[in-house]
There are 2 protein chains.
Amino acid sequence: MMDKATQLLNPMKVQDDMEVNKPDTATRILDVAERLFVEHGFEATSLRMITQQAEVNLAAVNYHFGSKDALFESVFMRRIGPFVAACLAELDALEQSGQALTAEALVLTFIKPCLMLSKDPTKGGALFVRLMSRTLVENHRLLREALNQQYSVFVQRYTSAFQAALPQFETEDIAWRMHFAFGVMFNAFAGNDVLKIFVRSQVVSARDPDMVVKHLVPFVVAGLTAPV
Amino acid sequence: MMDKATQLLNPMKVQDDMEVNKPDTATRILDVAERLFVEHGFEATSLRMITQQAEVNLAAVNYHFGSKDALFESVFMRRIGPFVAACLAELDALEQSGQALTAEALVLTFIKPCLMLSKDPTKGGALFVRLMSRTLVENHRLLREALNQQYSVFVQRYTSAFQAALPQFETEDIAWRMHFAFGVMFNAFAGNDVLKIFVRSQVVSARDPDMVVKHLVPFVVAGLTAPV
DNA sequence: ATCAAATTAAAACGTAAGTTTCAAACGCTT
DNA sequence: AAGCGTTTGAAACTTACGTTTTAATTTGAT
């Protein structure tokens, strides 16, 4: 298997393809797998569904990724790194800007990357947050280990920042509020709507990311800053 | 197959059992299936896992419920009806009590049934809300149809109530806030914690329902009543 | 042009899934 | 006690899954 670094050094390869802009096999698998994992979940998505829609051979998955488990990990890891990095960059920028460290400003450091991703199809679009959401409830063992080791800094940074922004609250209160706040935000961008179980067409279903943010920010900020 | 009504007329049957308090086959299947569906999801739970743990024969599932799909529907429907009824009863009680129709009071009409269920193992305990949560993201087609027809009144009643409690907001704003509010509440009781993906032990993980409520109510009420 | 490595293709493998079958056991009425 | 509908039990069936194997093909460097 040729590694990514080698591929990037030879971009002419794609020009030889008959079909223009058709990504290589591994990328096509990742793209289709991401969409199907989000739509149907990990277990309900078969390698045959993936390879058919990606127009690649069945064996290509095991050749490029090793196993279905490893494919899922690759799908997830492709997105999580850049996303966390974007959030931390926003945090850095805010802290070094000299602006007041308010709850709203902190919320926006998370929302802006979400919004950016939601609008960029090449970065998985709105699919990524939905993938996170599904991953959360499906609770993959392997993923937990890797994420704990690599991205615990994400929570630590936000915890410190919120403690600085909301000094009037105790650590435990802040933990609860962060728990709720990130929950709402993730579910909002993922389009999870409990009420949609019961009624057919909610206004909320038309999920324009900008509209989500417009209503989401006041709600979350109010929750975070509410008196105990 | 003997129907439930007939069974209830013959309670002596259980007394004949060697093992005391051992529910009948169908109930044992429902109980185990509920737990496994919550823990592993619908697709990842096999009928063989269920029947082994329930100590019943494999064919019993198809005999009593018809199919795995139908079993899931039975598992879900056993809980949703009483839960919605409990919420509506709280709503009725509140509206007829003459108390002020505040956002907090409305929130409590939802939270009290959640809390009640969470503490009653015979009613599925905390499992039910987690089942709702998983069902939401797994998005079963069959279930949607049934729920839309039966329980749209749930959303309608709460929508009317919140419109009365928050007359200063427009209908669309209220729809968004309800969307967020019910999302937080469901996820709180379901124990879904996005941050738990990144760090091993959150305080929130120790999920005492009373603690959840204590922190949840101020957060949700603040979000619902925040100025636009 | 040639050769070795990387990739793709087709087929088969072993396993586990949901479902079905049919006989045995049980429970209730007569 | 007999008979009949209900329930349970053990086994087999069909299908689909993830994976492996082997050969064909393509690719890139010599």
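Convention: sequence-line order gives letters A, B, ...; per-chain numbering from 1.
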Note to self: I want to confirm an ordering. Mapping A/Ala59 and A/Met49 to their closest nucleotides on DNA chain D, which one lands closer to the 5' end?
What the structure shows: A/Met49
Flag for [Y]-[X]: side-chain donor and acceptor within less than 3.5 Å:
| X | Y | value |
| --- | --- | --- |
| B/Asn192 | B/Ser133 | yes |
| A/Thr25 | A/Tyr63 | no |
| B/Gln53 | B/Arg28 | no |
| B/Asp69 | B/Ser67 | no |

Margin query: Students often get this wrong, so: under 4.0 angstrom with heavy atoms, is A/Thr45 touching a base, only sugar-phosphate, or nothing?
Written below: sugar-phosphate
If I take atom [atom1] in residue [X] and atom [atom2] in nucleotide [N], what distance separates them, rounded to the nearest angstrom?
| X | N | atom1 | atom2 | value |
| --- | --- | --- | --- | --- |
| A/Tyr63 | C/dA11 | OH | C1' | 19 Å |
| A/Leu36 | D/dC17 | CG | P | 12 Å |
| A/Phe72 | D/dG18 | CZ | C1' | 17 Å |
| A/Leu58 | C/dT8 | CG | C1' | 12 Å |
| A/Asn62 | C/dA9 | CG | C1' | 14 Å |
| B/Leu47 | D/dT15 | CG | C1' | 15 Å |
| B/Arg28 | D/dT7 | CZ | C1' | 12 Å |
| B/Lys68 | C/dA17 | NZ | P | 9 Å |

Margin query: Nearest heavy atom decides the nucleotide; on that basis, is B/Asn57 or A/Ala60 closer to the 5' end of DNA chain C?
Written below: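 Looking at the nearest nucleotide for each, A/Ala60 comes out on the 5' side.
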Check: Can A/Lys119 and A/Asp208 be counted as an ion pair, charged N to O under 4.0 angstrom?
Finding: no
Item checked: B/Arg130/B/Glu39 salt bridge by N-O under 4.0 Å criterion -> no
Protein-nucleotides 13-15 of chain C N/O pairs under 3.5 Å:
none

Next item on the list: Test ring-ring contact (aromatic ring centres under 6.0 Å, His included) on B/Phe182 and B/Phe186 and set out the steps.
Entry: CA-CA 6 Å; B/Phe182 280 97; B/Phe186 262 104; 7.1 Å; no
So, OP1 or OP2 of [N]: does either fall under 4.0 Å of a side-chain N or O from [X]?
| X | N | answer |
| --- | --- | --- |
| B/Ser46 | C/dA16 | no |
| B/His64 | D/dT6 | no |
| A/Thr25 | C/dT8 | yes |

